[in-house]
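Notes for the one structure printed next.
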Amino acid sequence: MSHVAVENVHGLDQQLAALDLSSADVQGVTGRRYIPPHLRNKEAAKNDAPGGWDNGRSNGFVNGYHDGRDNRMNGGSSFAGRGPIRSDRGGRGGFRGFGYDNKDAGGWNVPKDNAYNSFGGRSDRGKSSFFNDRGSSSRGRYERGGFGGGGNSRWVEECRDEDWSKPLPPNERLEHELFSGSNTGINFEKYDDIPVEATGHNGPQPIDSFHDLEMGEIIMGNINLSRYTRPTPVQKHAIPIIKSKRDLMACAQTGSGKTAAFLLPVLSQIYTDGPGEALQAAKNSAQENGKYGRRKQYPISLVLAPTRELALQIYDEARKFSYRSHVRPCVVYGGADIGQQIRDLERGCHLLVATPGRLVDMMERGKIGLDYCNYLVLDEADRMLDMGFEPQIRRIVEQDTMPPKGLRQTMMFSATFPKEIQILARDFLEDYIFLAVGRVGSTSENITQKVVWVEENDKRSFLLDLLNATGKDSLTLVFVETKKGADALEDFLYREGYACTSIHGDRSQRDREEALHQFRSGRCPILVATAVAARGLDISNVKHVINFDLPSDIEEYVHRIGRTGRVGNLGLATSFFNDKNGNITKDLLDILVEAKQEVPSWLESLAYEHQHKSSSRGRSKRFSGGFGARDYRQNSSSGGGGFGGRGGRSTGGHGGNRGFGGGGFGNFYSSDGYGGNYSQVDWWGN
DNA sequence: AAAAAAC
């Protein structure tokens with residue numbers, strides 16, 4: 001294989017040295033011969049690794065993981081010598097029953113009970129006999145509740161003549177809970193010159209300040225509490241578009257504030273307009289079904305997301321911006337107790353965040369009616385409309401009681417939006433404005449992107465070196481392609497003494513949420529993840545995203561690395577590339593060039609080879625099968641443009657790699673059997 | 001040869 005000849009120039013040691021990590025305290029690189037970290041200092045490990053924490057790495061820290069960290073105390077003696085505890089795994093730490101279980105005991109919606117206190121201060125509310133029957137401990141939570149309060153006639157009366165534009169009284173405890181998070185403020189000042197494209201007739205002027213538009217007392221109050229100073233570029237444009245009741249397809253870079261870009265104007269509009277017909281519908285449902293527990297909710301706004309954790313995250317944002325309002329946000333998603341979710345819905349639901357499957361379930365159970373849903377948001381819209389999700393979206397949007405397009409307002413957001421999916425998306429939009437902030441599908445220049453050649457067998461060793469070079473207190477997100485691969489890598493890292501956890505679709509929802517929590521909190525600063533964590537998740541302090549396995553399409557890559565470098569912060573993304581990744585070569589190269597990143601000359605050469613060997617490759621495979629007769633390939637962004645066709649591109653100037661670009665290197669690869677492989681392989685079948 | 005999304 002090609003590796004033989006590459007080794008001297010692009011061996012692991014040289015590549016590591018070139019990575020330029022901030023605390024590049026990488027071992028085993030000094031000598032000529034690369035020594036895998038887990039084979040180094042085996043003797044020393046026995047002596048200087050008390051408790052086995054750093055398992056042979058004697059440079060004083062293991063991934064910034066201190067002996068003094070408090071997770072150590074959770075370990076029983078049985079963990080001596082085995083590394084940190086994974087408190088999210090039942091079998092490992094014996095630690096379950098502390099964290100999540102505790103939360104569970106109080107009901108997963110405990111925070112929402114607090115949210116409901118936003119109705120507090122009205123001592124006359126919700127004192128139904130139903131809740132008063134309960135024991136004192138639960139009454140404390142429920143008696144300030146509002147709409148869900150059981151007695152229907154009272155509830156109906158209370159809902160009458162409410163002015164939704166006026167804030168409800170503050171609640172200090174809830175306010176603290178919602179807004180004490182650390183990184184709510186977004187600093188996007190330096191992006192004023194970002195290119196913006198808005199097409200569609202009569203688009204409104206962008207705003208420059210949150211005060212430029214009348215968003216109402218409640219929204220402005222919550223913006224202040226969130227410490228938002230100025231709108232981000234996507235917010236500047238999307239907010240006035242949504243406020244002027246236009247449909248919208250919006251593309252903006254990862255981490256640029258898309259969630260608030262739709263939540264703020266939608267909620268603002270709901271506060272201004274009030275509940276309208278939805279209130280009457282819920283009232284009727286309540287009257288027809290006298291018993292508590294039979295009521296159907298008619299949300300005014302629906303937000304759909306492709307993963308459960310993202311839905312949860314959007315819901316958490318919605319809680320902030322609905323503080324002190326009459327709007328009660330809810331979230332429903334699979335893998336969690338549906339009974340709990342139903343009970344929560346029945347306490348009132350005006351803005352619903354959902355994953356598609358569970359929402360369909362709720363609709364079929366008669367718990368949710370979309371008849372009065374005036375606002376529909378598809379977050380990560382290209383994912384929501386791809387082959388896996390499209391039927392469910394049509395089921396929800398087109399084949400039920402939701403108002404048709406034109407009557408409802410539809411908004412779509414994503415960082416990537418392949419042309420093929422944009423065409424599909426038009427089915428759901430009416431007279432929409434297309435908004436592109438930055439170039440669609442491009443990456444933030446705040447992210448330093450590195451691509452390194454690593455053979456499969458070297459990946460683990462290389463990963464350990466990267467982890468060891470990562471500073472303390474910074475989070476590292478490691479993406480793999482398969483769920484099995486995630487488990488295997490997590491086990492490996494665990495055995496090597498790293499505080500890590502994992503998230504993927506085969507883990508229980510409880511474990512998934514716990515893993516994310518452990519990662520977010522820094523307790524487990526390494527998270528091994530599949531695509532489930534690629535999109536939308538906003539985790540502060542992710543310093544390094546590692547593509548242990550590169551994804552097969554470039555959109556996935558863009559979203560993955562977008563977990564770092566958010567809201568103006570700097571981030572690092574390192575991708576392991578080898579001859580299994582030929583399918584992404586060209587698109588990856590384009591992304592690197594566009595984001596003004598250093599391009600390894602071997603990647604350039606490979607892209608050139610690839611272009612020659614198979615001209616019709618691109619992202620087409622994702623779209624060629626699933627959409628019937630329509631030709632979605634016509635716009636494939638990866639089809640055109642030859643190697644030499646990229647204007648203004650310098651092929652030299654890549655430092656140490658100079659001299660290996662150009663035809664010679666490429667010829668070497670192809671003569672070595674590399675190229676021949678690629679023209680044949682269809683990556684997930686055929 | 002995959003991930004995700006309901007039970």
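Below, chain A is the first sequence line, B the second, and so on; all start at residue 1. Excluded from the calculations below are hydrogen atoms, water molecules and symmetry mates; all remaining heavy atoms, backbone and side chain alike, are included. Computed from a prediction, not measured in an experiment: that's the story for all the values here.
- OP1 or OP2 of B:dA6 has at least one side-chain nitrogen or oxygen of A:Arg308 nearer than 4.0 Å.
- Contact check, A:Arg507 against B:dA3: no side-chain N or O comes under 4.0 Å of OP1 or OP2.
- At a threshold of 4.0 angstrom between heavy atoms, the contacts of A:Val360 with the nucleic acid are absent.
- The side chain of A:Thr482 lies closest to B:dA3, out of B:dA5, B:dA3, B:dA6.
- For the pair A:Arg512 CZ and B:dA4 P, the interatomic distance rounds to 7 Å; values are reported in whole Å.
- Distance A:Met384 CE to B:dA3 C1': 14 Å, rounded to the nearest Å.
- A:Gly505 comes within 4.0 angstrom of sugar-phosphate atoms only, judged by non-hydrogen atoms across all strands, and of no base.
- Nearest to the side chain of A:Thr307, among B:dA3, B:dA5, B:dA6, sits B:dA5.
- Listed for the A:Arg563 side chain is a donor-acceptor partner under 3.5 Å among the backbone atoms of A:Leu537.
- Here A:Thr530 reaches the OP1 or OP2 of B:dA4: one of its side-chain N or O atoms lies under 4.0 Å away.
- Contact annotation: A:Lys580 does not reach the phosphate of B:dA1 (side-chain N/O to OP1 or OP2, under 4.0 Å).
- When distances run from any side-chain atom of A:Pro356 to the nucleotides B:dA3, B:dA2, B:dA5, the shortest one goes to B:dA5.
- The distance from atom CD of A:Gln509 to atom C1' of B:dA4 is 12 Å, rounded to the nearest whole Å.
- Taking atom CZ of A:Arg535 as the reference point, atom C1' of B:dA3 lies 11 Å away to the nearest angstrom.
- Side chain of A:Asp361, nearest nucleotide from B:dA2, B:dA5, B:dA6: B:dA6.
- For the residue pair A:Asn457/A:Lys459, the side-chain donor-acceptor check at 3.5 Å is not satisfied.
- No engagement by A:Arg395 is indicated, since no non-hydrogen atom pair under 4.0 Å with the nucleic acid exists.
- Atom CD1 of A:Ile342 and atom P of B:dA6 are 14 Å apart (whole Å).
- Taking the side chain of A:Arg383 as heavy atoms from C-beta on, and the options B:dA6, B:dA3, B:dA5, the nearest nucleotide is B:dA3.
- By the 30° and 60° cut-offs, the orientation of the rings of A:Trp602 relative to A:Trp453 is perpendicular.
- Rounded to whole Å, atom P of B:dA5 lies 12 Å from atom NE2 of A:His504.
- Each of A:Ile393, A:Asp386, A:Leu385 was compared with A:Leu424 under the side chain to side chain contact (heavy atoms under 4.5 Å, CB included) criterion, and only A:Leu385 meets it.
- Considering A:Glu309, A:Glu556, A:His559 as possible partners of A:Arg535, the one that fulfils the side chain to side chain donor-acceptor pair (under 3.5 Å) test is A:His559.
- The nearest whole Å value for the distance from the CD1 atom in A:Ile503 to the P atom in B:dA3 is 14 Å.
- Of all non-hydrogen atoms in A:Asp487 and A:Ser502, the two that sit nearest each other are OD1-OG, 4.2 Å.
- When the side-chain nitrogen and oxygen atoms of A:Thr355 are compared with OP1 and OP2 of B:dA4, none of them lie within a distance under 4.0 Å.
- Of the candidate nucleotides B:dA6, B:dA5, B:dA3, B:dA3 has the atom lying nearest to any side-chain atom of A:Ala531.
- Atom pair A:Asp506:CG and B:dA5:C1' shows a separation of 13 Å (rounding to whole Å applied).
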